[in-house]
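Input: a single structure, listed below in structure tokens.
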There are 2 protein chains.
Amino acid sequence: MEMRAPRIIDVARIAGVSTATVSRALSKPETVAETTRISVLAAAEQTGYRVNHAARNLRRQRTGAIVVLVPNLGNPFFSEILAGIEVMLSRADLNMLVVDTGQAHAKPDLMSEYLHNTRADGIIALDGWLPDSVLASVRDSNASPPIVFACEWTADPSFASVRADNEGGARLAIAHLKALGHSKIGILSGPPDNVLTMARGTGARDAMLGGGIPVRDDFMFDGDFTLDSGVMAAHAWLDLPDRPTAVFCASDQMAFGFISELARSGISVPRSVSVVGFDDIDIAGRYIPALTTVRQPRAGLGTSAARMLLDRLAAPEGGLPTEHLMLDVELIVRDSTGAAPSG
Amino acid sequence: MEMRAPRIIDVARIAGVSTATVSRALSKPETVAETTRISVLAAAEQTGYRVNHAARNLRRQRTGAIVVLVPNLGNPFFSEILAGIEVMLSRADLNMLVVDTGQAHAKPDLMSEYLHNTRADGIIALDGWLPDSVLASVRDSNASPPIVFACEWTADPSFASVRADNEGGARLAIAHLKALGHSKIGILSGPPDNVLTMARGTGARDAMLGGGIPVRDDFMFDGDFTLDSGVMAAHAWLDLPDRPTAVFCASDQMAFGFISELARSGISVPRSVSVVGFDDIDIAGRYIPALTTVRQPRAGLGTSAARMLLDRLAAPEGGLPTEHLMLDVELIVRDSTGAAPSG
DNA sequence: ATTGCGCCTGCAATCGATTACATCAAGGTT
DNA sequence: AACCTTGATGTAATCGATTGCAGGCGCAAT
């Protein structure tokens, strides 16, 4: 009793109309007479008709999907952004196609494959670090769908983007530490070539210079946003003859690695050293000590990026100017920061 | 200078062959003469030809995509499973289409839409809690693609599944606490109707009964896997006149909420109470104290589910028996558990 | 009664790739 | 020389929905 899926023509036959009318009744109901619409909908209901997306997309010259490039799907930081994107896209009846660029970086061919317009109607990149060859093909080819960078971005300003105010966030963090009396402040940064690292570093240095706090090379720790790099930084801190009394970490993950490793050496936060993170991931408020950090509007980054992309899709060919949206961040003061030791 | 994307016929013209030959040269190279193949590939390269997936899928009667249903995209626990799935799927040249069922639960129509075979060639559900109406339509309709449950599953054994040994994990946790001398053990469980809650609860109770440890109603705490519910449980624990000396939490998140809230009341883990978690999420090893927990093979759950689904896609119509794969878990002993107080 | 206008509907082309079947050439067999 | 086999290629139908265009109908204005 194998039964093929009903097609539009089956519905048409039952409703006693042509396929054209069925199509219109379903997608542009106001263009059909009331009575026909009712009988078509009834017939569709009766047969359990579902449109064949491949056929529709072929005819309409679109794909019905948006590709989201994620640097590392395993990183919880991105999942909430994804959630934000998904909400917006499903509302617009677009599918969200997720690609882990960590996997795909090895194969740039595969990547440009995804960026081609037979694959997706648009692209949201959470990864600012796309290979140049890929970026070039996106910019030059008219076969590439619109692209929006979210969270991270590229040096090239011709790509639209949504980002958090990373520089401002770093300034807030430093100002907070300064207000607590700290004058020996260290910075644990992300990967050197990363745009977020640079923005946060710039903001932090600006604030320190502006606040009369020395920027010392021996207080600069190199990390890569991961827990482990926070652990490494803790060892570096421990090895210093003259230690900073506060450390601004460019990610919460690194802050956790840093604090936990210090704890193992009996160093207590914030008593011996104050720590500020960046991101405000879920667990931050429930770490011990609860982490003082800069909150990024993660869901907001996702929804804004999706909205921006939808606008560009709706706009007539090349109609919209390149847009850069910056979302505010917020300093969340908790228990990992305290007054500088008076000594 | 608007230029349309090249089509197969453009390649054919340049190579001086028919579209049929181009198609064959690209997808079944061995059926085409060496020389033709070379000139076709050259022509494809020259024009920058990419197949139109809508057209291919229409003709081949498939969609080239797998839908993954995620209960809550914002939850980091799922992101690593997604990563595992993505690796497998991209290897098979299938797209991964992610849907947040938390969003979609409100609209069951939308959900069954996704489960229909014009949308996807297969389904991986990380959500065992699909509405009955949806499940029924999946089971009954022959328009539904194969489905595999990963991580969570349904009461109905007719659906294939991949799961961690939740019962065994819970037994390990209890055995560990017993070995440390605990005889007053509490359980902080997940949402009551959840299959994971039941499996872990069963395992824990079994182990306690088998080990001669009383299962006391006043030591049962209700949670829902979230941080906040761990916090609530901490209050419940504090309110008890007679308190368990160890608590087995059905998720790491709850364990963190529990421990952090106790810490705010000056109760120390593991000195005053031992805590075991479940999942071993990234931060677990770097919490303070580092969390003793049951490790689930998250990436493994994803890759196994994807592999199982791919097998079913490759198999001839209804050729494969329903399969249930159980992956081992592992107890990771860290610092949140210690000997029971001798008093 | 004629004309004109709007509203609804149907006809048929179209989107681009795949593939069953037909064709054709070359080489081997008897 | 007639016939068969094998391998390579072309022809054309096909997947299912959408949509430009044209036609038909009813109603109102002249």
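Lettering of chains follows the sequences in order, A, B, ..., and the numbering in each one begins at 1.
- The CZ atom of A:R62 sits 17 Å away from the C1' atom of C:dG16 (whole-angstrom rounding).
- Between the A:S79 side chain and the B:N75 main chain, no donor and acceptor come within less than 3.5 Å of each other.
- DNA chain D is contacted by both A:R7 and A:T21; A:R7 maps to the nucleotide lying nearer its 5′ end (nearest heavy atom per residue).
- Side chains of B:T63 and B:N57: no donor on one and acceptor on the other come within 3.5 Å.
- Judged purely by distance below 3.5 Å, without hydrogens or angles, the side chains of A:T47 and A:D10 never pair a donor atom with an acceptor atom.
- The CZ atom of A:R24 sits 8 Å away from the C1' atom of C:dC8 (whole-angstrom rounding).
- For DNA chain D, no neighbouring residue in residues 41-55 of chain B is found when judged by any heavy atom under 4.0 Å.
- Listed nucleotides D:dT9, C:dG10, D:dT18 differ in distance to A:S23; the shortest reach to its side chain belongs to D:dT18.
- Side-chain atoms of B:L58 lie closest to D:dC15 of the nucleotides D:dT9, D:dC15, C:dT9.
- For B:I9, the CD1 atom is loosely surrounded, since the number of other residues' heavy atoms within 6.0 Å does not exceed 12.
- The separation between A:R13 atom CZ and C:dG10 atom P is 14 Å, rounded to whole Å.
- The separation between B:E34 atom CD and D:dG7 atom P is 16 Å, rounded to whole Å.
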Please output the side-chain donor-acceptor pairs of residues 11-19 of chain A that fall under 3.5 Å, not counting sequence neighbours, one pair per line with the distance.
{"unit_1": "A:S18", "atom_1": "OG", "unit_2": "A:A20", "atom_2": "N", "d": "3.4"}
{"unit_1": "A:S18", "atom_1": "OG", "unit_2": "A:T21", "atom_2": "N", "d": "3.4"}
{"unit_1": "A:S18", "atom_1": "OG", "unit_2": "A:T21", "atom_2": "OG1", "d": "3.4"}

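- Among C:dA12, D:dA12, C:dA13, the nucleotide with an atom closest to any side-chain atom of A:R59 is C:dA13.
- Salt-bridge check for A:R119 with B:D93: passed, with a basic side-chain N closer than 4.0 Å to an acidic carboxylate O.
- Considering only side-chain N and O atoms, B:Q61 lies nowhere under 4.0 angstrom from the phosphate OP1 or OP2 of C:dT18.
- Residue B:A20 is classed as a base contact, given a heavy-atom separation below 4.0 Å to a base.
- As rounded to whole Å, 14 Å separates atom C1' of D:dT14 from atom CD1 of A:I9.
- Put simply, B:T19 has no side-chain N or O that comes within less than 4.0 Å of OP1 or OP2 on C:dG16.
- Atom NZ in B:K28 sits roughly 14 Å away from atom P in D:dT9 (whole-Å rounding).
- In this structure, A:I8 atom CD1 and C:dG10 atom P are separated by 12 Å, rounded to whole Å.
- Note: CZ (B:R60) to C1' (C:dG16) measures 13 Å, nearest angstrom.
- Checking B:S158 against B:D156 by side-chain atom types alone, a donor-acceptor pair falls below 3.5 Å.
- Residue contacts shown for A:V22 are absent, as no nucleic acid heavy atom lies under 4.0 Å away.
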